[in-house]
Chemist: 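Quick one: the structure is below, and I'll ask about it shortly.
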Amino acid sequence: MIAFEKFELENGLKVIVHKDETTPIVAFNLLYDVGARDENENQTGFAHLFEHLMFGGSINIPNFDEPLQKVGGDNNAFTSNDITNYYITIPKENLETAFWLDSDRMLSLAFTEKSLEVQRQVVIEEFKQNYLNQPYGDVWLLLRPLAYQKHPYKWATIGKEISHIENATMQDVKDFFYKHYLPNNAILVIAGNVDLTKIEELSKKWFEDIKPGNVPIRDLPKEPIQTEERRLKVERNVPSNAIYKAYKMCNRTHPDYFATDLLSDILSLGDSSRLYKSLIKEQKLFSDINAYVMGSSDEGLFVISGNLSDGVSFEDAEAAIINEIERIKASSLTEAELQKVKNKQESAREFSETSVLTKAMNLAFAELNGDANLINTEADKYNKVTVKDIERIANQILISTNCSTLIYAKI
């Protein structure tokens with residue numbers, strides 16, 4: 001059970017406080033409800049660009065990292081298709097520095113041509129290095145538009161193409177900032193050995209004067225139901241052949257999410273999982289294979305991906321994956337097998353809760369999904385999943401007409 005208190009400032013900023021007396025470090029996590037799905041299709045990569053721009057200095061603080069490092073703090077951020085998340089870990093006695101830094105960049109970034117140009121080049125270089133010039137780097141640039149035809153999940157967080165960032169003007173950047181980086185579009189979580197009254201004081205002191213804005217109502221195009229299998233084959237200079245099978249699945253808040261997540265664990269979590277045991281250990285068809293879910297805010301993907309062993313054909317590899325899927329559909333799952341993945345899920349969750357930063361992030365994600373207390377009810381939802389639930393989900397989503405397959409062949 002993770003206990004927390006919650007309040008909201010007059011400008012709409014939601015603040016969640018979790019007291020943890022076991023650590024001298026405090027986690028300061030600020031989540032903005034904006035991701036790649038909120039971009040214009042002709043101007044993608046902006047949410048990720050802002051992940052970088054937010055460290056480029058604000059009106060009163062030209063260098064974000066320097067004052068933080070002086071007081072023993074550390075920080076980072078990440079962007080997804082759904083959210084942008086900034087976090088700081090800092091000694092308890094210096095916590096106000098985090099409030100000062102993050103409130104100033106929410107108030108207003110220092111929009112300078114120099115900062116924009118520096119961060120633009122950083123992002124372009126990242127695009128080239130991680131997505132274009134790295135083995136398997138372009139997988140999501142290929143798989144997303146294969147799986148999605150309408151919904152903005154069809155482009156990766158880095159963006160559809162480099163030109164969108166190359167051509168971004170200062171006005172484009174400002175417009176995106178003032179539309180999304182607002183107190184009433186953010187959730188702040190403080191976790192550590194902190195006092196609720198003190199956090200209320202600091203929140204009001206540093207954030208309450210920042211004006212709220214008109215957060216755009218999210219009205220994204222709905223992805224049509226997929227009715228036929230999609231396939232794409234590419235050839236690349238990579239160490240081994242690979243296969244990626246992406247099936248549409250429910251969103252993160254859907255009741256079926258928990259069974260779908262456990263289904264992916266049954267297939268590939270650990271050495272005793274079905275895909276590992278059968279396809280790596282026994283048949284030696286793959287050198288590596290994984291099944292995982294995208295816990296997306298809108299309809300996500302259930303992905304099975306693997307690197308083929310030398311000499312194995314794509315046909316044999318794919319047939320073996322489908323055979324394992326058919327076995328689950330045909331009532332081969334036992335109560336003991338399901339209980340084993342539930343136990344692994346629970347121990348992983350409990351282990352993650354030893355970190356104040358993980359707890360802060362998970363509270364923010366839960367609040368975004370409707371209620372911070374979801375963090376305390378998820379264990380029960382996983383435990384209630386039955387063998388029949390797993391079989392129903394497998395029969396519902398792991399079908400060829402719901403699948404987009406990327407065949408990634410080495411030259």
Side-chain angles (χ1 to χ4, degrees), residues 135-136 139-140 143 238-247 249 256-295 300-355 358 362 378-379 381-395 397-399 403 405-408 410:
Y136 314 105
V139 163
W140 286 104
L143 197 52
V238 290
S240 63
N241 289 329
I243 187 167
Y244 300 83
K245 295 185 75 65
Y247 299 85
M249 62 168 280
D256 282 344
Y257 173 80
F258 305 97
T260 312
D261 192 20
L262 288 174
L263 171 58
S264 73
D265 290 348
I266 289 161
L267 286 172
S268 84
L269 183 63
D271 293 357
S272 61
S273 63
R274 293 195 169 205
L275 294 179
Y276 182 90
K277 213 159 117 184
S278 175
L279 307 191
I280 294 180
K281 212 170 169 183
E282 293 168 7
Q283 300 182 60
K284 298 181 169 48
L285 297 171
F286 286 84
S287 59
D288 178 57
I289 192 157
N290 291 289
Y292 53 93
V293 299
M294 312 284 277
L301 295 175
F302 183 111
V303 182
I304 298 174
S305 65
N307 287 30
L308 281 62
S309 298
D310 287 346
V312 174
S313 71
F314 281 112
E315 291 75 18
D316 288 347
E318 191 171 5
I321 290 173
I322 291 167
N323 185 54
E324 288 304 318
I325 288 171
E326 293 305 320
R327 282 186 60 228
I328 287 216
K329 290 185 189 175
S331 306
S332 66
L333 183 64
T334 65
E335 292 286 353
E337 193 178 1
L338 176 57
Q339 192 56 52
K340 187 160 69 172
V341 295
K342 285 182 181 179
N343 293 345
K344 283 182 178 177
Q345 175 83 242
E346 188 176 354
S347 62
R349 190 166 47 247
E350 286 180 3
F351 180 75
S352 75
E353 288 173 4
T354 59
S355 156
T358 304
N362 288 344
E378 285 204 336
K381 288 171 181 172
Y382 278 107
N383 285 330
K384 284 182 176 170
V385 171
T386 66
V387 167
K388 289 292 178 199
D389 290 330
I390 301 284
E391 288 170 0
R392 174 177 60 82
I393 296 295
N395 278 283
I397 70 170
L398 300 182
I399 55 176
C403 185
T405 303
L406 173 62
I407 300 294
Y408 206 94
K410 71 173 180 177

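Please read all numbers here as calculations on a predicted model, not as lab measurements. Computation of the quantities below employed the complete heavy-atom set of this structure, encompassing side-chain atoms and omitting hydrogens, waters and symmetry-equivalent molecules. The residues of the chain are indexed from 1 along the displayed sequence.
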Chemist: Please answer whether the main-chain N or O of V312 pairs with a side-chain N or O of D316 as donor and acceptor at a distance below 3.5 Å.
Modeler: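 No; zero donor-acceptor contacts below 3.5 Å.
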Chemist: Does any part of the side chain of I280, heavy atoms only, come nearer than 4.5 Å to the side chain of L275, both counted from C-beta?
Modeler: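 With C-beta onward as the side chain, the pair stays apart.
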Chemist: Side-chain polar contacts of residues 281-289 - donor-acceptor pairs under 3.5 angstrom, sequence neighbours left out - could you list them?
Modeler:
{"residue": "Q283", "atom": "NE2", "partner": "S278", "partner atom": "OG", "Å": "2.9"}
{"residue": "K284", "atom": "NZ", "partner": "K281", "partner atom": "O", "Å": "3.0"}
{"residue": "S287", "atom": "OG", "partner": "N307", "partner atom": "O", "Å": "3.3"}

Chemist: Can you list the steps and then say if I304 with Y247 is a side chain to side chain contact (heavy atoms under 4.5 Å, CB included)?
Modeler: CA-CA 9 Å; I304 298 174; Y247 299 85; 4.3 Å; yes
Chemist: Are any non-hydrogen side-chain atoms of L267 and S264 less than 4.5 angstrom apart?
Modeler: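 L267 vs S264: side chains apart.
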Chemist: With rounding to the nearest 0.5 Å, note down the distance linking CG in L406 to CG in L143.
Modeler: 5.5 Å
Chemist: Report the distance from atom OG1 of T386 to atom CD of E335, rounding to the nearest 0.5 Å.
Modeler: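 Here the rounded value is 7.5 Å.
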Chemist: Taking S273 for its side chain and G270 for its backbone only, find out whether a donor-acceptor pair lies under 3.5 Å.
Modeler: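 At least one qualifying donor-acceptor pair exists.
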Chemist: Could you walk me through whether K410 and S240 pass side chain to side chain donor-acceptor pair (under 3.5 Å), step by step?
Modeler: CA-CA 6 Å; K410 71 173 180 177; S240 63; over 6 Å; no
Chemist: Any donor-acceptor pair under 3.5 Å linking the side-chain atoms of Y382 with those of D261?
Modeler: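 Result is yes, a qualifying pair exists.
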Chemist: Applying ring pair (Phe, Tyr, Trp, His ring centres under 6.0 Å), can you list everything that pairs with Y257, at least two apart in sequence or on another chain?
Modeler: none
Chemist: Determine whether T334 and V387 make a side-chain contact, defined as any pair of heavy atoms from C-beta on separated by less than 4.5 Å.
Modeler: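 Answer no - side chains too far apart.
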Chemist: Quick check for you: to the nearest 0.5 Å, what is the distance between S313 atom OG and L308 atom CG?
Modeler: 8.0 Å
Chemist: For the residue pair S272 and K340, what are the closest heavy atoms and their distance?
Modeler: OG-NZ, 3.1 Å
Chemist: Do D256 and R392 touch side chain to side chain, with heavy atoms closer than 4.5 Å?
Modeler: yes
Chemist: OG1/T405 to NZ/K245 distance, rounded to the nearest 0.5 angstrom?
Modeler: 3.0 Å
Chemist: Got a second to check how far K329's NZ is from I393's CD1, nearest 0.5 Å?
Modeler: 12.5 Å
Chemist: Do the rings of Y136 and Y408 sit parallel, tilted or perpendicular, given the 30° and 60° boundaries?
Modeler: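 Rings of Y136 and Y408: tilted, 30 to 60°.
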Chemist: Do I321 and I243 have side-chain heavy atoms sitting under 4.5 Å apart?
Modeler: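 Result yes, sub-4.5 Å side-chain heavy-atom pair found.
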Chemist: Hey, are the side chains of L262 and K342 touching, using non-hydrogen atoms and a 4.5 Å cut-off?
Modeler: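 Yes, at least one pair of side-chain atoms sits under 4.5 Å.
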Chemist: Find the distance between CG (L398) and CD1 (I328) and round it off to the nearest 0.5 Å.
Modeler: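 The CD1 atom of I328 is 8.0 Å from CG of L398, to the nearest 0.5 Å.
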Chemist: Show me the side-chain donor-acceptor pairs of residues 344-351 shorter than 3.5 Å, one per line, residues at least two apart or across chains.
Modeler:
{"residue": "K344", "atom": "NZ", "partner": "L269", "partner atom": "O", "Å": "3.3"}
{"residue": "Q345", "atom": "NE2", "partner": "D265", "partner atom": "OD2", "Å": "3.2"}
{"residue": "S347", "atom": "OG", "partner": "N343", "partner atom": "O", "Å": "3.3"}
{"residue": "S347", "atom": "OG", "partner": "K344", "partner atom": "O", "Å": "3.0"}

Chemist: Could you pull out the closest heavy-atom pair between F302 and A291, with the gap in Å?
Modeler: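 Smallest heavy-atom distance, with atoms named: CE2-CB, 4.4 Å.
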Chemist: Going by the side chain to side chain donor-acceptor pair (under 3.5 Å) test, name the single residue among R274, E391, E324 that passes it with S332.
Modeler: R274
Chemist: Tell me whether K381 at atom NZ has more than 12 heavy atoms from other residues, nucleotides or ligands lying less than 6.0 Å away.
Modeler: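 Yes, because the 6.0 Å sphere around NZ of K381 holds more than 12 heavy atoms from other groups.
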